[in-house]
Engineer: 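Quick one: this structure, given as structure tokens, is what I'll be asking you about.
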Amino acid sequence: MHRLVTEAPEVSTEKVCAYRQREPFKPRRWLRIALVSVVLAFIVCVALLAARWPFTRSKVIADLEGAMQGRVEIGKFQQTWFPPGCVAEDVTFKGYGNLPGSVPMTVRKLTIQSSFQGLFTGHVSVLLAEGVYVTAPNAGYFSGWQQGQGNSKPAGSKIVIDKFIATESVLEFSRGAEKPPLQFAISRLELNSPDAHGVQTFQTTLHNPEPPGEVQASGYLGPWKTENSAQTPIAGSYSFKRANLAAFHGIAGTLSSDGSFQGTVGQLDVRGKTLTPDFEVTDTGHTIPLVTEFQARVTTRDGNVSLERVNARLGKSSIQAAGNITKSDDQKGKVVSVNLLVRNGRIQDFLFLLLKDPAAPMTGTFNFKGVAILPPEKAQFTKKIQLQGDFGVEAGHVTKPVTQANLEALSERAEGEKDDPPERVLSDLQGHFVLRQGIATSSNLSFSVPGAVARLHGTYDLLAHRINLRGTLFMKANLSQATKGVKSFLLKVINPFLKKNHRGGAVIPVTITGIYPHPVYRTDPI
């Protein structure tokens, strides 16, 4: 048997070395194509970017003029690349909104920021306006301004602004040569791009000029009514802090208010609450808490306000009010006219506010129904306010010892001889009065003390505190009972022939004169 033997072929050393040695690297065809494609794509993008680059001086001016419907001038201009955009300084808008006689609007610095994606979709990420200054001749200046929907894609512009921000800005309203302009200092205003329904959100912080205080507001605006901007819907909430009421001559205090609003740009329904812990009539220097809850309608074109419902609380007294705040026909400013109703209030709350006495001179349950008018003239509060109405005080007590002594003497004489001391009650004080130029005129004032009823007419000067009331005292006792000594003996003789009231008592003239708080009471039967 033969053994099968297989031997491996011999491999030369030269072939092994040649096999192990790699050939030099050569670019493959697909890699060369990829690199060429990338280069071509980059060139195409640069070309498209250059063709669509919107941030040149001429294109920015054209877009702004289309947006504002007017002429635009730019001082300094600089393009930015990362992010893409530009910065324009000393920008002036003339004839914007196609409004006749519009005053130029200036912007200290206008920054436009986009993204590379936004360059192809027509979106600007942020439009930041710093130091905007707008002057308008009156509150209705912008009512006819025809704008694009939401103000983020204005007519004549293909650019969509995702967010508009204005800072350190001033909105000024001219009030004629006699009064300084009204300035609203806007710390920040932010408007976001409208949603699919054309509604955009806004937030703002500003300084209100009259009364001076800080306002924060946020809400929703739109869709914009291009044909009539005043009909554009708006809704939101507000907060008004640290308002100084001393701006209104005659009163003072620090007011805060929170509430909500809804309606249109031209007319707003506002609901809210106010708190003034230190409300004061500056004539007297007395402070008292004032809280209100209100519902009002505001016409933004002229600033007129319809007070549909006001529930107020002065101290511990409740007040209901409704009325109007409208432009005066013969004076510059607003006239406040309200109907007032007080039920079961406290007379001491009102007297403490209006009189300089350290304490109210009377206590009791107070009711009032009437009309109050406050013109815009600069004068003392008690001189310029006009009041007319009917009032009543039940279970009244005077707090001054001198006044109480006079009333007790009057009551003692009216009741005749009586062992018990008179009651310290002034009841059924009521009447109708008209307040003009600080003088209250009453035609049918009446009050009761134990044993007598007085009916008076006359005036009380709130500025000079001078009293001049005259009328008739109807007594329970006859004259002989009301007097003593020889005078009493003589009156007993003629008493049957004197005029008496239905209860048989005497009817005698009475006067109250002098200077408050020291009035002089006189009853002179003979």
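The first residue of the sequence shown is numbered 1, and numbering continues consecutively from there.
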Engineer: In a table with atom names and distances, give each donor-acceptor pair under 3.5 Å that connects a side chain of residues 365-374 to protein atoms at least two apart or in another chain.
Structural biologist:
residue	atom	partner	partner atom	Å
Asn367	OD1	Asn344	N	2.8

Engineer: Can you list the residues that meet the side-chain hydrogen bond (donor to acceptor under 3.5 Å, both in side chains) rule with Asn468, with sequence neighbours excluded?
Structural biologist: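 Partners of Asn468 by the side-chain hydrogen bond (donor to acceptor under 3.5 Å, both in side chains) criterion, ordered by chain and then number, come out as Arg470.
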Engineer: Can you see whether Thr459 engages Thr441 through a side-chain donor-acceptor pair at a distance of less than 3.5 angstrom?
Structural biologist: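 Note: Thr459 and Thr441 side chains miss the donor-acceptor criterion.
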Engineer: Restricting to pairs with a member in residues 280-293, which pass salt bridge (charged side-chain N to carboxylate O under 4.0 Å, His left out), not counting sequence neighbours?
Structural biologist: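 Salt bridge (charged side-chain N to carboxylate O under 4.0 Å, His left out) check on residues 280-293 returns no pairs.
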Engineer: Of all residues at least two apart in sequence or in a different chain, which pass the salt bridge (Lys or Arg N to Asp or Glu O under 4.0 Å) check with Asp390?
Structural biologist: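 So Asp390 forms no salt bridge (Lys or Arg N to Asp or Glu O under 4.0 Å) with any residue.
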Engineer: With sequence neighbours left out, which residue pairs that include part of residues 302-323 fulfil the ring pair (Phe, Tyr, Trp, His ring centres under 6.0 Å) condition?
Structural biologist: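 Listed once each, the pairs would be none.
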Engineer: Do you know the tightest heavy-atom contact between Thr472 and Leu456?
Structural biologist: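 Taking Thr472 first and Leu456 second, the nearest heavy atoms are N-CD2, 4.3 Å.
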Engineer: Who pairs with Gln386 by side-chain hydrogen bond (donor to acceptor under 3.5 Å, both in side chains), at least two apart in sequence or on another chain?
Structural biologist: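 So Gln386 forms no side-chain hydrogen bond (donor to acceptor under 3.5 Å, both in side chains) with any residue.
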Engineer: Can you confirm whether more than 12 heavy atoms, excluding those of Arg309, are under 6.0 Å from its CZ atom?
Structural biologist: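 Enclosed: over 12 neighbouring heavy atoms sit under 6.0 Å from CZ of Arg309.
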Engineer: Determine, stepwise, if the pair Leu245 / Thr276 fulfils side chain to side chain contact (heavy atoms under 4.5 Å, CB included).
Structural biologist: CA-CA 9 Å; Leu245 297 182; Thr276 310; 4.0 Å; yes
Engineer: Under the salt bridge (charged side-chain N to carboxylate O under 4.0 Å, His left out) definition, can you give me all pairs with a residue in residues 337-354, not counting sequence neighbours?
Structural biologist: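 Qualifying pairs: Arg346-Asp349.
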Engineer: Quick one: list whatever passes side-chain hydrogen bond (donor to acceptor under 3.5 Å, both in side chains) with Ser442, sequence neighbours left out.
Structural biologist: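 With sequence neighbours excluded, Ser442 shows a side-chain hydrogen bond (donor to acceptor under 3.5 Å, both in side chains) to no residue whatsoever.
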Engineer: Please round to the nearest 0.5 Å and tell me the distance separating atom CG of Leu314 and atom CD1 of Ile288.
Structural biologist: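 Output value for this atom pair is 4.5 Å.
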Engineer: Salt bridge (Lys or Arg N to Asp or Glu O under 4.0 Å) with Asp258: which residues, sequence neighbours excluded?
Structural biologist: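 Salt bridge (Lys or Arg N to Asp or Glu O under 4.0 Å) check on Asp258 returns Lys241.
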Engineer: Side chains of Tyr220 and Gln200: is there a donor and an acceptor less than 3.5 Å apart?
Structural biologist: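 On atom types as modelled, these side chains do not qualify, holding no pair under 3.5 Å.
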Engineer: With a cut-off of 6.0 Å (strictly less than), are more than 12 heavy atoms of other residues, nucleotides or ligands near NZ of Lys109?
Structural biologist: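 Check fails, neighbour count at 12 or below.
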Engineer: Identify the heavy atoms of Ala312 and Thr292 that sit nearest to each other, and give their distance.
Structural biologist: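 Heavy atoms of Ala312 and Thr292 come nearest at CB-CG2, 3.7 Å.
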Engineer: Which atoms form the tightest heavy-atom contact between Ala129 and Phe164, and what is the distance?
Structural biologist: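 Closest heavy-atom pair between Ala129 and Phe164: CB-CE1, 4.2 Å.
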Engineer: Give the intermediate values and the outcome of side chain to side chain contact (heavy atoms under 4.5 Å, CB included) for residues Val132 and Val170.
Structural biologist: CA-CA 6 Å; Val132 182; Val170 174; over 6 Å; no
Engineer: Closest approach of Val342 and Ser318, non-hydrogen atoms and distance?
Structural biologist: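 For Val342 versus Ser318, the nearest heavy atoms are CG1-O, 3.7 Å.
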Engineer: Looking only at side-chain N and O atoms, does Asn304 offer a donor or acceptor that is under 3.5 Å from a partner on Thr299?
Structural biologist: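 Their side chains do not contain a donor-acceptor pair, so the 3.5 Å distance test is not met.
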Engineer: Under 6.0 Å from the six-membered ring centre of Tyr460 and within 45° of its axis: does the NZ or CZ of Arg466 meet both?
Structural biologist: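 Not flagged: Arg466 not positioned over aromatic ring of Tyr460.
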Engineer: More than 12 heavy atoms of other residues, nucleotides or ligands under 6.0 Å from CD of Glu130: yes or no?
Structural biologist: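 Yes, because the 6.0 Å sphere around CD of Glu130 holds more than 12 heavy atoms from other groups.
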Engineer: I'd like to check the salt bridge (Lys or Arg N to Asp or Glu O under 4.0 Å) partners of Lys273; sequence neighbours left out, ordered by chain and number.
Structural biologist: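 Listed in chain order: nothing, the list is empty.
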Engineer: For residues 246-292, which residue pairs pass the ring pair (Phe, Tyr, Trp, His ring centres under 6.0 Å) check, not counting sequence neighbours?
Structural biologist: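 Counting only pairs at least two positions apart or across chains, the ring pair (Phe, Tyr, Trp, His ring centres under 6.0 Å) contacts touching residues 246-292 are His286-Phe352.
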Engineer: Any chance CZ of Phe202 has more than 12 other-residue heavy atoms, nucleotides or ligands included, within less than 6.0 Å?
Structural biologist: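 Atom CZ in Phe202 is packed in, count exceeds 12.
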Engineer: Could I get the full list of salt bridge (Lys or Arg N to Asp or Glu O under 4.0 Å) partners for Glu168, not counting sequence neighbours?
Structural biologist: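 Only Arg108 meet the salt bridge (Lys or Arg N to Asp or Glu O under 4.0 Å) criterion with Glu168.
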Engineer: Assess the residue pair Phe391 and Leu429 against the criterion (side chain to side chain contact (heavy atoms under 4.5 Å, CB included)); give the C-alpha distance rounded to whole Å, side-chain angles, the decisive distance to 0.1 Å, and a yes or no.
Structural biologist: CA-CA 8 Å; Phe391 74 94; Leu429 173 61; 4.1 Å; yes
